[in-house]
Amino acid sequence: MTDTLLPPASTLPQERRLVTELPGPRSRELMQRRVGAVSAGVGGTMPVFAERAGGGVIVDVDGNSLIDLGSGIAVNTVGNANPRVVERVQRQVADFTHTCFMVTPYAGYVEVCEALNRVTPGDHDKRSALFNSGAEAVENAVKIARSFTKRQAVVVFDHGYHGRTNLTMALTAKSMPYKHNFGPFAPEVYRMPMSYPYHDGPHSGPEVASWAISKMDKEIGGSSIAAILIEPIQGEGGFIVPAPGFLQALRDYATQHGIVFIADEVQSGFCRTGKWFACEHEGIVPDLITTAKGIAAGLPLAAVTGRADIMDSIHVGGLGGTYGGNPIACAAALGSIESMEVDDLNARAQAIGDILVTRLTDMAARIPAIGDIRGRGAMIAIEIVKPGTLTPDPDLTQRVAKACHAEGVIVLTCGTYGNVVRFLPPLTIPDSLLLEGLDVVEAAFSAA
Ligand code: PLZ
């Protein structure tokens, strides 16, 4: 479908333009084929098929130009078809596509690890290993922590999301749709209370942490815990930013008991929140950090980065995989990281965050169903409740999202109770388009 005579997708007109109803005839036809060919188990946010994307828009197969406020679930941080990524990937794909790093290594893998060791929190000696997906990175982080500590227990938190493989399903909190009917799950996983300021009333971060710590002490014992695994800002669980002091108290407990503190920054990492990594907002230095999504502009790449003594404690051959750190994905990562540094995307994420929070705060004054506005940088969400209560309103949330979709604005929902609309635009979106998208969101509340 790609016509080589078309200008680069990164130069697509930055506009919302609907030329058919949504979905248009070509998307409807593809939807029919999808139903006949693709497992019904694979979910779908919108029945609209993409053809090209760049900046802050996705153009569908019918020629509609949609505003992208989802970045393919927090992936296209540097924008689709970012020229720095396109150029490196094109060069790499023409040179070679695969050798397997474990068989015949190549420089790109090493360069990505060097970049990860440099941009992740802490100036201690670090090592990295590359994988294909966020779930795979999390699984490997747990393997590494267990091997290093010679302990088994893994602590996770309410509302946490870590993936869909067997171990990461066990680590994930929410049953439907991620775990439903898919058990039995891996053992030695313990779930602790999470700081959730909007629902915690007067309880502070350190106070909620003390409940978690007391539970860990009594139900597992600090000396039996291999890892504390936490998203510094929870993603799928509802963009929950723990109250100040919560993460630090857990970090201190981990240090005290020789527990490996793992920050899962698959969703919150790589400039999304206005810093390279979300744990930097609280000055937390994790022992291990898992990354994926934003790292490589959509090519499948993930990593575990952390303390050299932990990462190098694994027996030779204990870590790997056929495709982990594939050369094309590494080329994309190097282009993405270059864009983040050269284009100062942390500053851009902060600016986007200011626009989002200002506009949503203004909206909330007229829409009592918006109970909370939270997040950091370009990772912002609203929690939708029955006005005047903390009771989730997932039905209204779905109606608002659908109304946005019908008007050509891609928004995603999340949250344990399905009542959170999240905004995570590509950092290449122009301000005008972001503001237009938010106008559509406000109108969607009226329509819903
Ligand atoms: N850890 C914090 O956010 C992926 C899930 C989409 P994978 N989140 C999007 C879906 O419905 O499957 C995620 C995450 C955090 C781990 C993961 C898992 O990353 O690359 O999807 O395996």
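Predicted model, so just to flag it, every value in this text is computed and none were measured.
- Defined by atom type and a distance below 3.5 Å, a donor-acceptor pair is present between the side-chain atoms of Glu265 and Ser268.
- In the model, His180 has no side-chain atom that pairs as donor or acceptor with a side-chain atom of Ser175 under 3.5 Å.
- Ion pair Arg146/Glu188 not flagged as a salt bridge, since none of the NZ, NE, NH1 or NH2 atoms sits closer than 4.0 Å to an Asp/Glu carboxylate oxygen.
- In the displayed structure, Tyr178 atom OH is contacted under 6.0 Å by more than 12 heavy atoms of other residues, nucleotides or ligands.
- When only modelled atom types and interatomic distance are considered, Gln267 and Gln234 share no side-chain donor-acceptor pair under 3.5 Å.
- Note on Asp60 versus Arg26: no salt bridge recorded, every NZ/NE/NH1/NH2 to OD/OE distance being 4.0 Å or above.
- The backbone N or O of Gly353 sits nowhere less than 3.5 Å from a side-chain atom of Arg376 that would complete a donor-acceptor pair.
- The closest donor-acceptor contact from the side chain of Ser27 to the backbone of Phe49 lies under 3.5 Å.
- Within 6.0 Å of OH in Tyr417 there are 12 or fewer heavy atoms belonging to other residues, nucleotides or ligands.
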Q. When you look at Asp264 and Thr290, which way does the side-chain hydrogen bond (donor to acceptor under 3.5 Å, both in side chains) test go after all the steps?
A. CA-CA 5 Å; Asp264 181 351; Thr290 56; 3.1 Å; yes
Q.
Quick one, Phe445 with Arg366, criterion side-chain contact (heavy atoms from CB on, under 4.5 Å). Give me CA distance, side-chain angles, the key distance, then yes/no.
A. CA-CA 10 Å; Phe445 271 96; Arg366 289 181 293 278; over 6 Å; no
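- The existence of a salt bridge linking Arg251 and Glu282 is excluded, since no basic side-chain nitrogen approaches an acidic carboxylate oxygen closer than 4.0 Å.
- Heavy atoms only, all atoms of each residue included: Ala226 and Ile259 are closest at O-CG2, 3.8 Å.
- Classification of Arg348 and Asp431 as a salt-bridged pair holds, one side-chain N sitting under 4.0 Å from a carboxylate O.
- With Phe261 as the partner, the side-chain contact (heavy atoms from CB on, under 4.5 Å) test is satisfied by one option alone out of Ile230, Thr255, Leu288: Ile230.
- Here the straight-line distance linking atom CD of Glu231 with atom CD1 of Ile262 works out to 12.5 Å at 0.5 Å rounding.
- Looking at Ser71, its side chain does come within 3.5 Å of a backbone N or O of Leu424 through a donor-acceptor pair.
- Counting all heavy atoms, side chain and backbone alike, Asn117 lies closest to Lys126 at O-NZ, 2.9 Å.
- No side-chain donor-acceptor contact under 3.5 Å links Arg34 to the backbone of Glu29.
- A donor-acceptor pair is defined here as one N or O able to donate and one able to accept, closer than 3.5 Å; no such pair exists between the side chain of Lys386 and the backbone of Asp393.
- No side-chain donor-acceptor contact under 3.5 Å links His257 and Ser223.
- In this model, a donor atom of one side chain and an acceptor atom of the other lie less than 3.5 Å apart for His199 and Glu383.
- Counting all heavy atoms, side chain and backbone alike, Leu250 lies closest to Ala212 at CD2-CB, 4.4 Å.
- By the 6.0 Å contact criterion, CD on Gln256 is enclosed, its count of non-hydrogen atoms from other residues, nucleotides or ligands being greater than 12.
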Q: List the steps, then state whether side-chain hydrogen bond (donor to acceptor under 3.5 Å, both in side chains) holds for Asp217 with Tyr253.
A: CA-CA 10 Å; Asp217 262 339; Tyr253 181 76; 2.8 Å; yes
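- Taking 4.0 Å as the cut-off between side-chain N and carboxylate O, Arg191 and Glu219 do not count as a salt-bridged pair.
- Between Ala406 and Leu22, the shortest heavy-atom distance links the atoms O-CD1, 3.8 Å.
- Between the CD1 atom in Ile380 and the CD1 atom in Ile352 there is a gap of 10.5 Å [rounded to 0.5 Å].
- Inter-residue side-chain proximity for Leu438 and Leu360 is flagged as met; some heavy-atom pair is nearer than 4.5 Å.
- Two residues are said to be in side-chain contact when any heavy atoms from C-beta on lie closer than 4.5 Å; Asn326 and Leu301 fail this criterion.
- Using modelled atom types, one side-chain atom of Ser133 and one backbone atom of Glu136 make a donor-acceptor pair closer than 3.5 Å.
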Q: Begin from the C-alpha positions of Thr361 and Thr358 and carry the test side-chain hydrogen bond (donor to acceptor under 3.5 Å, both in side chains) through to its verdict.
A: CA-CA 5 Å; Thr361 305; Thr358 304; over 6 Å; no
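- The nearest pair of heavy atoms linking Phe157 to Ala173 is O-CB, 4.2 Å.
- Side-chain contact of Asn82 with Thr428: a donor-acceptor pair under 3.5 Å is absent, judged by distance alone.
- Considering only heavy atoms from C-beta on, Ile370 comes within 4.5 Å of Ile367 through its side chain.
- Of the possible donor and acceptor atoms, one in the side chain of Lys179 sits under 3.5 Å from a partner among the backbone N and O of Thr172.
- When only modelled atom types and interatomic distance are considered, Thr20 and Asp62 share no side-chain donor-acceptor pair under 3.5 Å.
- Of the possible polar contacts, none joining the His162 side chain to the Ala135 backbone as a donor-acceptor pair under 3.5 Å is found.
- Side chain of Glu442 to backbone of Asp439: no donor-acceptor contact under 3.5 angstrom is found.
- Counting only heavy atoms from C-beta outward, the side chains of Phe277 and Thr291 approach each other to under 4.5 Å.
- A side-chain donor-acceptor contact under 3.5 Å links Thr165 and Thr168.
- Closest approach of Pro47 to Pro23, counting heavy atoms only: O-CB, 3.2 Å.
- Taking the side chain as every heavy atom from C-beta outward, Arg52 and Val61 never approach each other to under 4.5 Å.
- A salt bridge links Arg118 with Glu341: the distance from a Lys NZ or Arg NE/NH1/NH2 to an Asp or Glu carboxylate oxygen falls below 4.0 Å.
- The backbone N or O of Ser224 lies less than 3.5 Å from no partner atom in the side chain of Gln152, so there is not a single donor-acceptor pair.
- Side-chain N/O atoms of Gln248 and Asp252 include a donor and acceptor closer than 3.5 Å.
- For the pair Ile228/Met216, a side-chain contact is recorded, criterion being any heavy-atom separation below 4.5 Å from C-beta on.
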